[in-house]
2 protein chains.
Amino acid sequence: MAGKDHVRGSKAVTLTEVARLAGVSVATASKALNGRSQVAARTRARVLQAAEQLSFVPNTLAQGLLMGRTGTVGLLTSDLQGRFVIPILMGAEDAFGAGRVNVFLCDARGDTIREQHQLRALLSRRVDGLIVVGSRTDSRSSVGHDLPVPVVYVYAPSDDPEDLSLVPDNVAAGRLAVEHLISCGRSRIAHVTGDPSYAAAQDRVTGALAALDAAGLELVGEVMYSEWSERWGRDATAVLLERYPDIDAVLCGSDQIARGALDTARDQGRKVPGDIAVIGFDNWDEMVTNSRPELTSIDPNLQLLGRSAAQRVFAALDGEELGKGLHTQAPRLVIRGSTVARR
Amino acid sequence: MAGKDHVRGSKAVTLTEVARLAGVSVATASKALNGRSQVAARTRARVLQAAEQLSFVPNTLAQGLLMGRTGTVGLLTSDLQGRFVIPILMGAEDAFGAGRVNVFLCDARGDTIREQHQLRALLSRRVDGLIVVGSRTDSRSSVGHDLPVPVVYVYAPSDDPEDLSLVPDNVAAGRLAVEHLISCGRSRIAHVTGDPSYAAAQDRVTGALAALDAAGLELVGEVMYSEWSERWGRDATAVLLERYPDIDAVLCGSDQIARGALDTARDQGRKVPGDIAVIGFDNWDEMVTNSRPELTSIDPNLQLLGRSAAQRVFAALDGEELGKGLHTQAPRLVIRGSTVARR
DNA sequence: CTGTTAGCGCGTTCAT
DNA sequence: ATGAACGCGCTAACAG
C-alpha cells in the first residue's frame, strides 16, 4: 500500500529470506556473504547459492546506518551547462571506482537558496564527502566549515582560505602558451581575450606577460577584452590585422575566440601558421579539431582535477588531514596545426 | 574510530540528542519535527529550537529504511561526454524538484560489465527508480524486467517492447526541416548526413523524403553519408556545389555538418541564405550561434524528454502503470539566419 | 562453526 | 499530549 512495490517485478529481497532459504540464521548468512572466515565451506556455498537464486542485493542503507559510512559523495555544481564541470565530474566518478562509491549530482542553477536546499538534502543522505564545482575560476562563498564531512572545491575556489580548493593554473597556462609561440619563432604577439571580470582572463594575461617579459618581448598593442565568443574573436582579429599588420601570432583567451581569429585570418588571406600563429585555451574538443587548421590549445587537465578532488575526499575519510588553501593543477600544451605546420 | 568523524567539524547530530536537549522523548521530538498535530505548541517550539541549535538534519537513510522509499533515482548513462545526455539529465533533475529527490549519476563508459556493476550498486542503494540514458537513438539491450523498481529508457530505446522508452522523433524532425526549406521557397534540396549506421541518420532521411514526396519534389542526388563532422560537411558540400551547381538548399544531418556546409558556401562565394539555405539538427548552442550566418536548426527538446522520464518514474512510484513501448518527443524548429535573411 | 542478542536512527503504533 | 516499545535490514559482539 505504501507504493513500495512496483507493478511488474518483485520487491527487494532481504537477507532474512536468503537465510531462511539456506536454512541458517541471518548472522551466518551475513558472514558467508561478506567472506568472513568463521563459516564452513559447505554452509557458505549454500548461502551463496540461495542469494544467487533470489538475486539478493544487500541493502546499502542498512549497512550505512550501521557502519556510519554510506559510500556516497555529493557533487554540487552551479551549472551543468558549462562544459567545464563535465570532465571534472567524470574524473571524480571514476576515481571512486565503479560501484563502490556513488555520486549524487546536484545542480543548483547558480541559485544560493537552491544550493542551501541541496546541501541540506545531501547531508541528510549522509554523504561521506562533498565536492563543490563552479563554472568559472573566480572564488565563491564557502558552504561552511563545521560540516560533518570533508568538502573540496573544484574549479571555482572557496573564498575562505581554510577550505581546500583545487583549480587549474591559468597563470601557468598563459605562460605556457606564450613560451610555445616564442619557441615557434614568433615575437610580435597580440592578445585577444574574453570578459575581463573573469579571473581566468586576468590570470592568463598575467602568465602571458610574464613569459613575454622573461624573453625580453612586449605584447603588441593592449590586451583586447570583451566576451568569450567566436564573433569577438573574428572582430578583434580584424581590428588587429589592420592596426598591426606585422603581428605574427594571436594569443586567444579561449578556443572559441581562437576559432574566430582563424576565420578572420582566412578571410583576409593570411596563412596560418605561415603568416600568423593562433593558440587558444581549454582544448575543447569540438572547437580544436574542427577548425582549419586544427587549433593548438592549452588543456587545463580538468579530468585530473576531478580525480584529485575525489582522492582527497577519500583520504580524508581514512583519517588523513584534508588540507586547505588553493592548489593548482598544471596545464598541458597540445600542439596542432595552427602553430606548427603539418606536412 | 570508524573514520566516521571528520577532523574539523562536528559529527552528525541525531534525533536522540535533539530530544534530550529539548527534554522530551524521541517520539515526541519526531512528531514535533514532522508537523504531527498531537503535540503541544510550546513543546514543539522547544524541539524546533533545539534542532535549530544543534543544526539537526534528519538521517534520510534511517527514514528510508523504515518507509521503504529513499527519495533517490539512478541515472545510468553510457557516455557523459555526449552533449545529449546533459540536457536530459538537467530536465530530470529539476522535474524531481530540488532536494526532495536526489539523482545518482553513473557513467558506464559504454561498458556492459561496468553497467551491470552500476546497476547492482544502484539497486543496493534502493533507488526508487531508474533512468537509462544512451547517446545515440539506436536501441540498446534491456537492463531486465523483474527489477524491483520502474525503469525508463531515454534517447536510446530498449530493444524490448515491454520496456518504456522515450526518444526524440527524428522522422518528424526530418519532415519539419524539409517543410521549412520548402516554405522558404526552396525546391532543389540536397542532403548531407553522418554515419549511416545511426538510426538518427536514417530516421531523418525517412522524414525528409516523405516531406519532399508530399510536396511533389525529389532529393537532388543521393543522400551523402559519412561522419558527423564539420570536415565532412565542408567536403561534401564542395562536391555538391560542383556536381549540382543549381541546388538552393542543403539539409544537413547535424549542426556540425551544417557548419561545414556554411564554410564551404562562404569559401565559394555562395550567399547564405540568398543563394543557398542551410539547416541542421540538434540546435547545439555553440554551433548554431557562432556560425556565419547563425544556423537554423531542429531542436529535439531533450530537456523535455528528461523531464517526462522523471515524471513517469514518479507516477509509477505512486502506483500508476508505468506504460511500455516507444514514445516520441516532438521536435521544434528554430529559425535563424541560414534559411531566412536577417535585416 | 553457528545462533542469539543488541543496536545503528527514525517513525509508528499503543499505552498512559 | 507524551513516552515506551517495536521494527526497517543489517553487522558486530558474544554465547553456545
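Proteins come first, then strands; the chains are lettered A, B, ... in the order of their sequence lines, and each starts at number 1. This structure is a prediction, so every number in the text was calculated from the model and none was measured.
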With a 4.0 Å cut-off on N to O distance, would you call A/R114 and A/D79 a salt bridge?
no

Write down the distance between CG (B/N59) and C1' (D/dC8), rounded to a whole number of angstrom.
13 Å

Strand-adjacent residues in residues 30-48 of chain A, judged by heavy atoms under 4.0 Å from DNA chain C:
A/K31, A/Q38, A/V39, A/A40, A/T43

So which pairs with a foot in residues 104-113 of chain B pass side chain to side chain donor-acceptor pair (under 3.5 Å), sequence neighbours left out?
A/D94-B/R109, B/D107-B/R109

Can you find a side-chain donor-acceptor pair between B/S165 and B/S158 that sits under 3.5 Å?
no

Members of residues 50-57 of chain A that approach DNA chain C, where some heavy atom sits under 4.0 Å away
none

Rounded to whole Å, please give me the gap between CG in A/L65 and P in C/dG11.
12 Å

Using only heavy-atom distances, determine whether the side chains of B/D160 and B/S142 contain a donor-acceptor pair under 3.5 Å.
no

Using a heavy-atom cut-off of under 4.0 Å over every strand shown, decide if A/V24 touches base, sugar-phosphate, or nothing.
sugar-phosphate

D/dG9 phosphate, OP1 or OP2, under 4.0 Å from A/T14 side-chain N/O
no

Separation of B/R69 atom CZ from C/dG11 atom P, in whole Å?
16 Å

Under-4.0 Å side-chain N/O to phosphate OP1/OP2 contact, A/Q63 with D/dC10:
no

DNA chain D: A/L66 or B/L66, which has the more 5' nearest nucleotide?
B/L66

